[in-house]
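Just below is one structure, and these are the notes that go with it.
Just so you know, ligand 1 is whichever comes first in the structure, and atom 1 is the first atom listed for that ligand.
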Amino acid sequence: MPAKKTANKTRRPRPAAATHRKGVASRKNRTIPISVFGNVLKQFDTAARKLSLDRSICEFVKIPRRSTIVNLPVRMDDGTYKMFTGYRVQHSIARGPSKGGIRYHLGVTLDEVQALAAWMTWKCAVVNIPFGGAKGGIVCDPFKLSEGELERLTRRYVADMIKLFGPEDDIPAPDVGTGPRVMGWFMDTYSMKENHSVPGSVTGKPIVLGGSLGRNEATGRGVMLSVREAAKCLKLDLASTTAAVQGFGNVGSISARLLHELGVKFVSVSDVTGAIHNPAGIDIPALIKHVEKKKSVLGFPNAKRIEPEEVLFANVDILIPAALENQITGDNAARVRCRIVAEGANGPVTPEADKILERKKILVIPDILCNAGGVTVSYFEWVQNRMAFAWTEEEVNHRLEEKMVAAFNDVMKMARDHDTSMRIAAFMLAILRVVEVVQLRGIYA
Ligand code: GLU
């Protein structure tokens, strides 16, 4: 029986999440979408060429292991049924269970999910945690769905994919458009199948369901730590630097807040609703409060409204793209003016843009290092769930700092030894770690 029509259905207001439009490349007056998975393959090939590895093993490790597509019926609040497409791509299980978030966004495609899954494999290897890579996504606008619709969509997605998931198999987490609430429904649906609670089936859960202290801010904290280490390398005093951030969701707002605490002056901030600028510096904690209330950075006192893309070209020391892929492309990279690009988002800089930024001597801290704090604390959450013992926030943050600093130094050393960018160095390090495991395990072929 369809549910009764609800006359005054409450739509949740659209928060200022990082839902910027994905990049396109213009060629001969035509705009064509840039293949995100194509970008990962280019990054992989450039790094693999610098390592003398067996070519057939490289072919094996670069391609996703399994891609699953489901079409999900969901009963809407008005009693009708609507179909949604969902994906889960498991890229690698060589180093451990596959790990990676679930994205709810209208721009989700198989190409994008494959790319994000591959980046998870390389990211987990860079921070040296025992996971492979995966990613999931549902094509939807979560801010246009009611709480009940979101819950039914989530449960149906988990139910249709249930055989793929499990604490030893594949462990989801939040990504763009999802958060602890969705992870709670995930954990419950998975646990119903097992007939007991399985907290280790998902990370990024609410704390009372077995979530880890420090997980919510872990990605932003990792970005802050990466920027801090990069500033040391460039002999920049953070307290006298300026910054701009594109995207003011979980990653953008928390990395800005933590860097603001270290004295960094943020002059430009954008979110999906628009962008603001104040050369004297934006009070980030006050902006976070403003966004909680108004769901937009716009209207923040003492800041003038600017075009959103201007944020990428701000004359600052540190630029943090923390929205979506393909933001800095071959078409606009020449206009970027900062010293450090810290990739809070996955894939914000295309391989064509990388070449231009390298020529301009801009240090790019690649996504698979810079935003790896999230999955690192997801790993800590999974470890705590296995032990049924919770660490203090100080312990989580301390272990995160150790992991991030070690990974940063490993990547920097590789970059210096091979005279290459941090992106290619991070890929080289990750590929070596995955290939070593594959060679020792052998390929069952
Ligand atoms: N979605 C996040 C990422 O892209 C976190 C993944 C996780 O914690 O498993 O890294």
Step through the shown structure and confirm whether more than 12 heavy atoms of other residues, nucleotides or ligands are within 6.0 Å of CD on E310. yes

Here the atoms of ligand 1 under 4.0 Å from any heavy atom belonging to M120 are 3 (C), 4 (O), 6 (C), 10 (O)

Hey, looking at atom 4 (O) of ligand 1, which of R103, K135, R215 has the closest heavy atom? K135

Separation between CD1 (I328) and CD (E352), nearest 0.5 Å, reads 13.5 Å

Is K289 atom NZ crowded by more than 12 heavy atoms from other residues, nucleotides or ligands, each under 6.0 Å away? no

Is there a donor-acceptor pair closer than 3.5 Å between any side-chain N or O of N326 and the backbone N or O of I34? yes

Can you sort out which atoms of ligand 1 are near G100, meaning under 4.0 Å from one of its heavy atoms? 9 (O)

Could you check atom 8 (O) of ligand 1 against the protein and tell me its nearest heavy-atom contact, residue, atom and distance included? S378 OG, 2.5 Å

Between S270 and Q246, do the side chains contain an N or O donor and an N or O acceptor separated by less than 3.5 Å? no

Donor-acceptor pair between Q43 and W122 side chains, under 3.5 angstrom: no

Is the F427-F44 ring centre distance short of 6.0 angstrom? no

The closest protein heavy-atom partner of atom 7 (C) of ligand 1 is A173 CB, 3.3 Å

Proximity to ligand 1 by part of N346, non-hydrogen separation under 4.0 Å: side chain

Return the closest protein heavy atom for atom 3 (C) of ligand 1 as residue, atom name and distance. K123 NZ, 3.3 Å

Under 3.5 Å between any N/O of K99 and any N/O of ligand 1: does that happen in this structure? yes

P174 N/O to ligand 1 N/O under 3.5 Å: yes

